[in-house]
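Just below is one structure, and these are the notes that go with it.
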Amino acid sequence: MMNQDKRKKRIANIAMGAVIVLIILSGVLAVGGQQGWFDKKDSAETGVVSAVTGTADLTRDGIASPLSADTALRDGDVLTAQEHAELTLQAGDSTMKLGTGSSLTVTHAETDGFTVQVTGGQFFTAAGETAVTLEFGTEDCTLSSATADLTVRTGSETLYLLSGSLTQDGTDYEARQALSWVDGTLTVDSFSPTVLDDEAIGWCLNAGQTLCFTSAELQQVLDDRAAQQQTDIEAQVNPSKNADAQADGSAAGSAETAQSGEAGTKSDGTGHTGQASAGSDTANAADPAPSSPAQAEPSAPAQPDTPAQPEPNPEPEPEPEKKSTCTISVRCDTILNNMDSLDPDKAGYVPSSGVLLSKTTVTISDGDSAYDVLKRACSAAGLQLEASYTAAYGSYYVEGIGHLYEFDCGPESGWMYKVNGWFPNYGCSSYTVSDGDNIVFCYTCTGLGADVGA
């Protein structure tokens, strides 16, 4: 009896194990089929996702999942790049970029003619011999040996043709022409590189193709924008500078007006003044004589000349009060050498320069801390900042800047700060800033600060 019970129990366990294996196998097959693990088609014959920066989604057969690099594309796939994400697609010798917050549907994934429907956002195409057809709104156009940047918004689409040519609705268009559709109505005009946003210019600089604008022209646009942005940041973080500049301008304007008024009047020697202009003396001499002696005024006796009184010395203007300033910058360039350790979701927050905030001059008051300066600078630059107060140390601890946090790039990563090249061993809200200090907040990835010189 006991042997029979053991045998039944063993059979039940085997059956249960087989069911579990079948469930797991079914799940693997379902996921693998959705992700394309078992696709037999040669990857050279279909378009692929060659790179993913940040977070992106793939919706295939109604099932949504995270999108990863090396995914072979199928007809009907929906790709969505989340905020601060970028996708690179490859079809034969043609390369495409899907910008942050953009989405598209793959209509035809074969490399004999790759077709996508761009449903929103920005799509950059550097087409080689493999033709790429773009569908958007009610329009479509095919690029071959051409480069274009397409922006799709609600009710409007704009395509900037950067190299080569294209034919659309029987009309040929050349590089440096912008095709804009607003509610289906097309207008065509030439354009300059200043109309391209930073993302598109970055793609152009890395396209590896000869475009209608030189790399120097494109880089100059980026440099000019960076300089203007820096000016705007300093204007916001130092509002007193604006007030001083306006006051100086008003004072200069008042002085100019006063000088103009003095130059525009003259005295007639009797205490009366009149406009000094060409012919004014002649006009006075030509005045008609009184019509009768009764109307004539008696002549005034001649007054002896009186010596001019010396003007009192003006009070010396007080010298403007010198304001104390410091400089601050925020850098994460060490991450560029440790991208393999970075949380993939944070890749889109790392600028290619590694600089989140360029060196910025900030006016300081007595008692300002390095943390106070950081807060003001981040607020002016629109840079995200998160910090927590540590009671044990009586200081604030910077957890994240620009959405980059401690441990995002390895177990030893996080934010540090240095002043004039020295790394204080206490919190940034405990350091009192002095005139002329140079503050740098820098992200360390390895060595608990060794990689940034601590």
Side-chain angles (χ1 to χ4, degrees), residues 54 83-84 100 197-199 201-202 219 221-242 323-339 342-343 346-365 368-388 396-406 408-409 413-424 427-429 431-445 449 451-454:
E83 187 178 3
H84 293 283
T100 177
D197 63 17
D198 291 358
E199 193 170 35
I201 291 178
Q219 187 60 53
V221 174
L222 294 181
D223 293 344
D224 290 345
R225 288 176 182 172
Q228 183 59 52
Q229 182 184 37
Q230 194 64 25
T231 300
D232 294 342
I233 290 172
E234 294 204 2
Q236 291 184 52
V237 80
N238 300 307
S240 59
K241 279 190 175 183
N242 278 352
K323 293 182 172 65
S324 297
T325 63
C326 71
T327 59
I328 184 170
S329 56
V330 182
R331 308 183 63 92
C332 62
D333 40 344
T334 52
I335 296 179
L336 300 175
N337 298 323
N338 296 275
M339 294 299 289
L342 182 66
D343 180 347
K346 298 301 182 74
Y349 293 103
V350 181
S352 59
S353 64
V355 179
L356 293 173
L357 176 68
S358 297
K359 192 173 184 178
T360 301
T361 301
V362 180
T363 301
I364 56 175
S365 303
D368 274 350
S369 69
Y371 178 61
D372 294 327
V373 174
L374 176 67
K375 282 197 301 181
R376 292 207 298 274
C378 286
S379 176
L383 193 60
Q384 180 266 355
L385 170 66
E386 184 171 342
S388 59
Y396 278 91
Y397 175 72
V398 176
E399 297 178 355
I401 305 176
H403 302 283
L404 298 171
Y405 284 75
E406 58 177 342
D408 275 350
C409 197
S413 63
W415 286 101
M416 302 182 69
Y417 79 105
K418 60 182 176 179
V419 183
N420 305 326
W422 167 62
F423 288 83
C428 58
S429 62
Y431 179 88
T432 302
V433 182
S434 300
D435 184 31
D437 276 350
N438 177 32
I439 305 168
V440 180
F441 279 81
C442 44
Y443 195 91
T444 176
C445 297
D451 57 345
V452 292

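These numbers come from the heavy atoms of this one structure, side chains and all, not from hydrogens, waters or symmetry mates.
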Carefully, step by step, assess Tyr397 and Glu406 under the rule side-chain hydrogen bond (donor to acceptor under 3.5 Å, both in side chains). CA-CA 11 Å; Tyr397 175 72; Glu406 58 177 342; 2.9 Å; yes

Quick check for you: to the nearest 0.5 Å, what is the distance between Ser413 atom OG and Asp343 atom CG? 10.0 Å

Evaluate the side chain to side chain contact (heavy atoms under 4.5 Å, CB included) criterion for residues Cys442 and Phe423: first the C-alpha distance (whole Å), next the side-chain angles of each, then the deciding distance (0.1 Å), finally the verdict. CA-CA 11 Å; Cys442 44; Phe423 288 83; 4.0 Å; yes

Exercise: do Gln230 and Thr360 side chains pair donor with acceptor under 3.5 Å: yes

Check ion pair Lys323-Asp435 (N to O, under 4.0 angstrom): no

Are any side-chain N or O atoms of Asp368 and backbone N or O atoms of Val433, one a donor and one an acceptor, separated by less than 3.5 Å? no

Take Asn438 and Val419 through the side chain to side chain contact (heavy atoms under 4.5 Å, CB included) test and state the conclusion after the steps. CA-CA 6 Å; Asn438 177 32; Val419 183; over 6 Å; no

The test is side chain to side chain contact (heavy atoms under 4.5 Å, CB included); show your working for Thr327 and Val362 and say whether it passes. CA-CA 6 Å; Thr327 59; Val362 180; over 6 Å; no

Would you sort out whether Ile201 and Val221 count as a side chain to side chain contact (heavy atoms under 4.5 Å, CB included), showing the intermediate values? CA-CA 9 Å; Ile201 291 178; Val221 174; 3.7 Å; yes

Taking the side chain from Lys346 and the backbone from His403, do they hold a donor-acceptor pair closer than 3.5 Å? yes

For residues Ser388 and Glu399, is any side-chain donor paired with an opposing acceptor at under 3.5 Å? yes

Measure across Lys418 and Pro424 and return the closest heavy-atom pair with its distance rounded to 0.1 Å. CA-CD, 4.2 Å

Would Tyr405 and Glu386 count as a side-chain hydrogen bond (donor to acceptor under 3.5 Å, both in side chains) here? Give the steps. CA-CA 9 Å; Tyr405 284 75; Glu386 184 171 342; 2.4 Å; yes

Nearest-0.5 Å distance that lies between atom CD1 in Ile335 and atom SG in Cys409: 5.0 Å

Looking at CZ of Arg331 and CD1 of Ile401, how far apart are the two atoms once the value is rounded to the nearest 0.5 Å? 13.0 Å

Minimum heavy-atom separation for Ala381 and Ile233, please, with both atom names. CB-CD1, 3.6 Å

Between Arg225 and Asp198, what is the shortest heavy-atom contact and its length? NH1-OD1, 2.6 Å

Exam field: side chain Ser329 to backbone Lys359, donor-acceptor pair closer than 3.5 Å: no

Mind checking the CG-SG spacing from Leu357 to Cys332? Nearest 0.5 Å is all I need. 11.5 Å

Closest non-hydrogen atom pair between Tyr417 and Gly427, with its separation: OH-O, 3.3 Å

Regarding Asp232 and Gln228, is there a side-chain donor-to-acceptor distance under 3.5 Å anywhere? yes

When every non-hydrogen atom of Lys375 is compared with those of Leu385, the smallest separation belongs to CG-CD2, 3.8 Å

Passes ring pair (Phe, Tyr, Trp, His ring centres under 6.0 Å), Trp415 versus Tyr443? Steps please. CA-CA 5 Å; Trp415 286 101; Tyr443 195 91; 5.2 Å; yes

Using the side-chain hydrogen bond (donor to acceptor under 3.5 Å, both in side chains) rule, take Asp437 and Tyr431 through it: C-alpha gap first, then chi angles, then the decisive distance, then the call. CA-CA 11 Å; Asp437 276 350; Tyr431 179 88; 2.9 Å; yes

Would you find a donor on one side and an acceptor on the other, under 3.5 Å apart, between the side chain of Asn238 and the backbone of Thr363? yes

Working to the nearest 0.5 Å, report the span between OG1 of Thr432 and CD1 of Ile364. 10.0 Å

How many angstroms lie between atom CD of Glu83 and atom OG1 of Thr100, to the nearest 0.5 angstrom? 6.0 Å

Residue among Val440, Leu374, Val355 satisfying side-chain contact (heavy atoms from CB on, under 4.5 Å) with Val330: Leu374

Identify the heavy atoms of Ile439 and Cys326 that sit nearest to each other, and give their distance. CD1-SG, 4.1 Å

